[in-house]
Amino acid sequence: MTKNLQTGISTTGMTRRSMLKTTAAAALIGAVKAAFPSGAFAAGAGPEVTGVKLGFIALTDSAPLIIAKEKGFFDKHGLPETDVAKQASWGATRDNLVLGGAANGIDGAHILSPLPYLMHTGKVTQNNKPVPMAILARLNLDSQGISVAKEYAETGVQLDSSKLKAAFEKKKAEGKEIKAAMTFPGGTHDLWIRYWLAAGGIDPNKDVSTIVVPPPQMVANMKVGNMDVFCVGEPWNEQLVNQGIGFTAATTGELWKGHPEKALGLRADWIEKNPNAAKALLMAVMEAQQWCESMDNKAEMADILGKRQWFNVPTKDVLGRLKGDINYGNGREVKATDLYMKFWKDGASYPFKSHDTWFMTENIRWGNLPANTDIKALVNQVNREDIWREAAKDLGVAAADIPASSSRGKETFFDGKVFDPENPSAYLDSLSIKAAS
């Protein structure tokens with residue numbers, strides 16, 4: 001009896017044709033394994049499906065999904081048929097997630113970190129019907145912006161929003177409405193602009209009218225005078241400055257250094273049905289985040305994001321703030337700051353439960369969630385940092401890049417307020433302007 005040296009299979013009694021078939025099959029298996037050295041096949045079973053339907057909004061923090069598609073990371077991890085589809089607004093993202101991929105919607109998305117929670121509780125869905133959701137990763141830290149119309153340039157407003165109070169009062173006395181635009185009620189941009197206004201003594205529920213505008217429409221709406229201030233992610237603050245329509249008062253990293261921003265959110269039922277695919281998807285996104293983090297890749301990244309099928313904007317609108325170069329548009333211009341968007345550095349990818357606790361606390365602050373919400377139980381239902389840890393292990397992520405705890409501890413904001421995730425009520429009590437009693 002002899003054995004094929006490649007397969008270790010006995011060839012006694014085998015025909016030449018059957019031996020060739022066996023050898024070819026073994027070679028194919030070997031090639032597949034070689035193609036996924038640290039991917040979806042490393043831990044055994046591969047993905048249950050060959051793709052997933054994902055949504056994104058034209059914002060720089062969607063880059064990990066776009067880069068995973070453009071650079072072949074989805075292919076590498078066994079999900080070559082993954083679709084990354086542009087969504088018109090966060091409302092459209094929500095509606096398509098409610099539908100699900102099987103009903104011509106989407107299975108997951110680049111999403112505002114609080115939105116999966118608001119969907120999970122039914123607070124923002126039709127007929128308040130809960131849609132079980134999960135957060136698998138954070139996509140980025142920092143680099144959103146609070147922009148102000150050019151007419152307020154003389155106020156000198158920057159991080160201190162109180163400089164707008166007199167101008168707002170004068171305009172209101174003339175019978176004009178003050179409009180503050182954000183991208184979705186209870187979402188990150190809504191929370192940033194509310195925090196900023198309230199810290200300066202401007203009540204976002206009484207002193208201004210908050211309006212919802214999709215990110216790609218912010219600049220055009222400010223151009224025609226539809227809002228006085230807005231909060232949105234890049235590249236739209238930079239584009240506003242480049243077009244000379246307004247200026248950036250502050251970046252959100254100045255409000256809360258290293259703050260969490262977007263997330264990778266998926267329907268919980270899709271994860272339950274496709275656990276291996278969910279982990280493979282996460283590994284592809286994590287590799288893309290590592291690619292995005294490198295300064296050596298920023299120029300290419302800006303070129304990719306600027307393409308017509310993605311953002312359809314000039315590269316210069318994307319690149320500057322990606323590198324930490326900020327032209328505020330009000331005479332301030334800084335280079336190589338540490339306010340650039342982080343995709344992997346400083347635990348950017350890991351979904352800290354303490355951060356989701358803050359998002360839920362702020363939604364209670366503004367009346368989007370009831371005061372008696374069991375925040376800890378809700379976060380434990382939606383936040384799947386356990387899957388992130390499994391994916392990190394299979395991907396061979398360095399131990400130094402895996403947080404030891406699901407809490408980043410106490411967080412300090414620009415106005416001196418401190419959030420202790422172990423005591424959210426004390427934080428709420430410390431805030432003078434809020435909707436919650």
Side-chain angles (χ1 to χ4, degrees), residues 90 111-121 123-124 133 135 138 140-142 144-146 159 161 180-208 210 212 229-233 250-263 265 351-383 407-437:
W90 292 118
I111 200 165
L112 298 163
S113 284
L115 188 45
Y117 286 93
L118 298 175
M119 293 179 65
H120 190 84
T121 55
K123 297 300 178 184
V124 297
M133 294 290 297
I135 285 177
R138 204 75 64 198
N140 70 297
L141 305 178
D142 293 337
Q144 314 298 292
I146 296 174
L159 197 54
S161 67
M182 44 75 181
T183 62
F184 193 87
T188 53
H189 304 119
D190 186 26
L191 301 183
W192 305 139
I193 199 166
R194 285 175 177 274
Y195 195 102
W196 177 70
L197 289 170
I202 299 172
D203 191 327
N205 282 353
K206 298 175 182 177
D207 300 330
V208 303
T210 53
V212 177
V229 299
F230 68 64
C231 182
V232 74
T251 72
T252 50
E254 294 171 77
L255 272 65
W256 175 12
K257 186 67 181 299
H259 73 76
E261 185 49 46
K262 303 302 187 301
F352 284 98
K353 288 185 175 182
S354 59
H355 290 162
D356 286 352
T357 300
W358 183 84
F359 286 129
M360 295 306 96
T361 304
E362 281 288 308
N363 268 286
I364 290 172
R365 175 187 185 182
W366 300 115
N368 297 318
L369 289 173
N372 64 352
T373 299
D374 187 337
I375 296 176
K376 186 174 182 179
L378 180 56
V379 170
N380 284 338
Q381 288 171 22
V382 177
N383 185 301
S407 174
R408 203 171 70 173
K410 294 180 180 180
E411 304 283 352
T412 302
F413 299 82
F414 80 104
D415 58 349
K417 295 295 182 184
V418 176
F419 176 73
D420 182 352
E422 297 301 317
N423 193 0
S425 60
Y427 167 79
L428 276 176
D429 290 342
S430 75
L431 303 168
S432 57
I433 296 179
K434 54 195 169 189
S437 57

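This is a predicted model, so every value here is computed, not measured.
- The side-chain heavy atoms of K376 and M360, taken from C-beta on, include no pair separated by under 4.5 Å.
- Heavy atoms only, all atoms of each residue included: P204 and L197 are closest at CB-CD1, 4.3 Å.
- When all heavy atoms are compared, the tightest approach of I135 to P116 is CG1-CG, 3.8 Å.
- Distance OG1/T373 to CG/L378: 7.0 Å, rounded to 0.5 Å.
- Shortest non-hydrogen contact noted between S113 and R138 is OG-NH1, 2.9 Å.
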As a quick check of understanding, evaluate side-chain contact (heavy atoms from CB on, under 4.5 Å) for M119 and V382, giving each step before the final call.
CA-CA 10 Å; M119 293 179 65; V382 177; over 6 Å; no
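- Looking only at side-chain heavy atoms (C-beta outward), Q381 and D374 stay at 4.5 Å or farther from each other.
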Between M182 and V212, does the side-chain contact (heavy atoms from CB on, under 4.5 Å) criterion hold? Intermediate values first, please.
CA-CA 5 Å; M182 44 75 181; V212 177; 3.8 Å; yes
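- A donor-acceptor pair under 3.5 Å is absent between the side-chain atoms of N368 and the main chain of P185, judged by distance alone.
- Interatomic distance, T361 OG1 to K434 NZ, rounded to the nearest 0.5 Å: 11.5 Å.
- Considering CG of L115 and CE of M133, their distance stands at 7.0 Å, rounded to 0.5 Å.
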Stepwise side-chain contact (heavy atoms from CB on, under 4.5 Å) test for I202 and V208
CA-CA 8 Å; I202 299 172; V208 303; 4.2 Å; yes
Before giving the answer on side-chain contact (heavy atoms from CB on, under 4.5 Å), spell out for I146 and L255 the whole-Å C-alpha distance, their side-chain angles and the decisive distance to 0.1 Å.
CA-CA 10 Å; I146 296 174; L255 272 65; 4.1 Å; yes
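- Closest non-hydrogen pair, T252 versus G145, comes out as CG2-N, 4.3 Å.
- Rounding to the nearest 0.5 Å places CG of N205 at 4.5 Å from CZ of R194.
- Distance check, rounded to the nearest 0.5 Å: CZ of F184 to CG of L191 gives 12.0 Å.
- Side chains of H355 and E411: a donor on one and an acceptor on the other come within 3.5 Å.
- Put simply, OG on S354 and CG on D420 are 10.0 Å apart, with the number rounded to the nearest 0.5 Å.
- I433 is listed as a side-chain neighbour of W366, based on a closest heavy-atom distance under 4.5 Å.
- Ring geometry for F419 versus Y427: interplanar angle over 60°, hence perpendicular rather than tilted (30 to 60°).
- Judged purely by atom type and a 3.5 angstrom limit, N363 has no side-chain atom pairing as donor or acceptor with the backbone of L369.
- Counted by atom type alone, N423 and S425 present one or more donor-acceptor pairs between their side chains at under 3.5 Å.
- In this structure, K417 contributes its side chain and S430 its backbone to a donor-acceptor pair below 3.5 Å.
- In this structure the side chain of Q144 never reaches within 4.5 angstrom of the side chain of T251, judged on heavy atoms.
- Only one option out of Y195, W358, W196 pairs with W256 in a ring-ring contact (aromatic ring centres under 6.0 Å, His included); it is W358.
- D142 is listed as a side-chain neighbour of H259, based on a closest heavy-atom distance under 4.5 Å.
- Annotation: salt bridge (charged side-chain N to carboxylate O under 4.0 Å, His left out) contacts of K257 (sequence neighbours excluded): D338.
- In this structure, F359 has its ring center no closer than 6.0 Å to that of Y117.
- A donor-acceptor contact under 3.5 angstrom links the side chains of W192 and E261, judged on distance only.
- When every heavy atom of I193 is checked against every heavy atom of A181, the shortest pair comes out as CD1-O, 4.0 Å.
- Scanning both residues, I111 and G265, for their nearest heavy atoms gives CG2-N, 3.9 Å.
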